[in-house]
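To keep things clear, I will list the structure first and then write my remarks on it.
The chain is numbered in sequence order, starting from 1. For ligands, and for the atoms within them, numbers begin at 1 and follow the listed sequence. Everything numeric here is computed off the predicted structure, so don't read it as measured data.
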Amino acid sequence: MNLHDLVRLLRSRWVTVLSTTVVVFFAALVVTLTTAPLYQASTRLFVSTTGSASASATDRFQGNRLSQERVLSYTELLKGQTVAQRTIDKLGLDITADELRSRVQASAKADTVLISVSVLDGSPVRARDIANALSDEFVVMVSELETPAPGVRPDARVVVEQRASIPSNPVVPKKFRNLALGIVLGLTLGIALAAVRDLLENTVKDRETLESLTGVGLVGTIPLDKERRNQPAIAFDRENSAISEAFRKLRTNLQFLAVDNPPRVIVILSSTPGEGKSTTAINIALALAESGKSVVLVDGDMRRPSMDKYLDLVGAVGFSTVLSGVASLDEVLQESKFPNLKVLTAGPTPPNPSELLGSQAAMKLLEDLRSQFDYVIVDTAPLLAVTDGAILATVADGALIMTRYGVTKREQLTHAVGTLESVGAALLGAVLTMVPVRGSGAYSYNYSYSYYGQRTAEAPESFEEGENSKSSRVEGHQSKR
Ligand SMILES: Nc1ncnc2c1ncn2[C@@H]1O[C@H](COP(=O)(O)OP(=O)(O)OP(=O)(O)O)[C@@H](O)[C@H]1O
Ligand SMILES: [Mg+2]
C-alpha cells in the first residue's frame, strides 16, 4: 500500500477508521480507570568494604572493586526469600514471601556501589514502610553474612543511604501511555479493518475495477446530483455545475473514441435497473445537442419506458408504433423543449419487445435516424433482465455501459459484459454513475486519468477519462422485470 492508496482508504473508509479508533481508545480508557493503582517507594543502599584507615591506595582500590562485585550479589539477595520473610515478620504483613518478592525490584548502576530498591504496593504508606523495612533487614542480613567469625569486623557493610518517602502518584496505571497506545492501536486496527473491507468490497467503486471488469476505458464519471431526481434533464445553457461539466467531458471523450469512424448510433446500457441509463442518455444527448449537433434520443426500453415522463412528452405513440407499421417515423418523432434534440418515445409496450427490437424494421428505423441526425442515443432496458439492450447494441455503432457507484456488483457487471460479448456487440466505454461528491472522495478520480492503463498526473480538461485498459468483471441491482 503506497501513500496514495492510504489516503484513498482513509477518505473512503474514514468512518471505519474513526469508529475503530474511538472504540479502542475508550477500551484503553476503561482499562486505565478500572486498573487498581500501585504505588512505588524506593530506597538507595550504599555498599562498602571495610578497610583500615592506614590502607594503601591499592588496598582501597581493591576494596572498592570488591564492593562493586558484591553489589551484584546483593541485588539478587534483596529479591530473595530470606529478606522478604524477615520483612513480613517485622511488619506483620498478611502476604507470602513470594508475593512480596514479586513486588520488589533491586538494581545497581554499573561501576557504582549503589543499589536502588523499590517496592510496589496498593497503599503508598505501606509501600514506603515495606521499602524501608526491607532495606533495614537487608543491612542486618549483610552484616551477618559478611562477618567471618563472631567478634570480627565484617568484610563489607551496607547502609541505607536514602530512605523511602510516601509516593504521591501511582506508577500503575500509566494513564498517558495507555491512552496514547489506545489511539495508535485503534488507528492501526481501523486502517487494517478498512483495508479488509476494501478487499471484501464486491461493488464497483473505482476506475481500475470498472476498466478491468469491462475491458474498456472509463469515459465518464457522473456525480450524484439529487436535483436529477426531480428534473432528469440538465439545463446546459444555464448550468455550470459539476454534473454538467461531467457530461461535457463525456461528450468530448466520445469524440475521441474510434476517431477514424466515430460512433454516431450509441446505445446506453446497464446490468441492472436504476443505474442511471435514462438520465444519462438524456444528458449525453443534451450535451451533444449543446455542441451544435443534431441529436435524436430513442427510448428503447419498451418494458419500462421513461423518456415520455422524464421529458414531459407524449408516450402513447413512439418506437413500437413505428415498428408495428401503425405510424411513420416522422409522425411520432417529437420535438423536445431543447434545441437540436428530438425524441422518439417508446410507445405502447408490445407483447414481444425483444422480437420487435431485433427485427429488420428496427434496424431500418435506426438507419433512417442515422441518416437524419448527427447522433442517435438509444436508452435501453437492463441487460441482466432482458436481452433488448444487447439486441439494440448489435445494430448500433457501439454501447456505453453505465455502472452505479457502490451499488452495481462486480459479478453483475461481468455477467452483463459477457452477454454483450456473446452477441458480438461493441462496447465503447464505461460510465460510473451517481458517484458521491463528498465523503468518499470517489469523484476526485475524475481528475486523474490513465494512459494505457497507467495512472499519471492531473488530467487536462476533458481528457481525464480515457484510454482503455483490459480486464473483466462487475454487478448491480436486482432486476424488477
Ligand atoms: N447522476 C444522478 N444523480 C442523482 N440521481 C440520479 C442520477 N442519475 C439517475 N438518478 C436517479 O436514479 C434513479 C434511476 O435513474 P434512471 O431512471 O435514469 O435509471 P435507469 O437505469 O434508466 O433505470 P431503469 O433500469 O429502471 O430504466 C432515478 O430516480 C434518477 O432520478
Ligand atoms: Mg431507464
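- In terms of polar-atom proximity, defined here as any N/O pair under 3.5 Å, T272 makes no such contact with ligand 1.
- Geometrically, ligand 1 and R404 share no nitrogen or oxygen pair separated by less than 3.5 Å.
- Here the closest non-hydrogen pair linking L356 and L323 is O-CD1, 3.6 Å.
- Note: an N/O pair closer than 3.5 Å links D225 and ligand 1 by distance alone.
- Residue contact check: L224 has heavy atoms under 4.0 Å from atoms 3 (N), 4 (C) of ligand 1.
- The shortest N or O to N or O distance between S270 and ligand 1 is not below 3.5 Å.
- No N or O atom of I222 sits closer than 3.5 Å to an N or O atom of ligand 1.
- Between S271, G274, P232, it is G274 that holds the heavy atom closest to atom 23 (O) of ligand 1.
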Could you check L357 against F319 for side chain to side chain contact (heavy atoms under 4.5 Å, CB included), going step by step and ending with a plain yes or no? CA-CA 9 Å; L357 291 169; F319 202 177; 3.6 Å; yes
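- The pair D129-R126 fails the salt-bridge criterion, with no side-chain N (NZ, NE, NH1 or NH2) lying under 4.0 Å from an Asp/Glu carboxylate O.
- Every atom of ligand 1 with a heavy atom of S278 under 4.0 Å away is listed here by number and element: 18 (O), 20 (P), 22 (O), 27 (O).
- For ligand 1, the polar-atom distance check against P273 finds no nitrogen or oxygen pair separated by under 3.5 Å.
- A donor-acceptor pair shorter than 3.5 Å cannot be found between the side chains of D308 and T345.
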As a quick check of understanding, evaluate side chain to side chain contact (heavy atoms under 4.5 Å, CB included) for L311 and F338, giving each step before the final call. CA-CA 10 Å; L311 295 172; F338 307 94; 4.1 Å; yes
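- Scanning all heavy atoms of the two residues, the minimum distance from T321 to G347 falls at OG1-CA, 4.2 Å.
- Annotation: G276 places an N or O atom under 3.5 Å from an N or O atom of ligand 1; distance criterion only.
- Each of the atoms 31 (O) of ligand 1 lies under 4.0 Å from some heavy atom of R228.
- Note on T380: not counted as a metal contact of the Mg ion (ligand 2), no N/O/S atom lying under 2.8 Å.
- Ligand-side atoms of ligand 1 in range of I243: 1 (N), range being under 4.0 angstrom from any heavy atom.
- Contacts of R304 with ligand 1, taken as heavy-atom pairs under 4.0 Å, involve the side chain alone.
- How far CG of L193 is from CG of L189: 5.0 Å, rounded to the nearest 0.5 Å.
- Remark: E367 engages R370 in a salt bridge, criterion side-chain N to carboxylate O under 4.0 Å.
- Near D301, the atoms of ligand 1 lying under 4.0 angstrom from a non-hydrogen atom of the residue are 27 (O).
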Can S354 and R303 be said to form a side chain to side chain donor-acceptor pair (under 3.5 Å), step by step? CA-CA 10 Å; S354 304; R303 304 179 191 250; 2.8 Å; yes
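- The pair D301-R304 does not count as a salt bridge, with every side-chain nitrogen at least 4.0 angstrom from each carboxylate oxygen.
- Put simply, part of P223 is less than 4.0 Å from ligand 1, judged by heavy atoms.
- Between E275 and ligand 1, at least one pair of N/O atoms sits closer than 3.5 Å.
- In this structure, the side chain of T387 does not engage the main chain of A390 through any donor-acceptor pair within 3.5 Å.
- Some N or O of T279 is nearer than 3.5 Å to an N or O of ligand 1, by distance alone.
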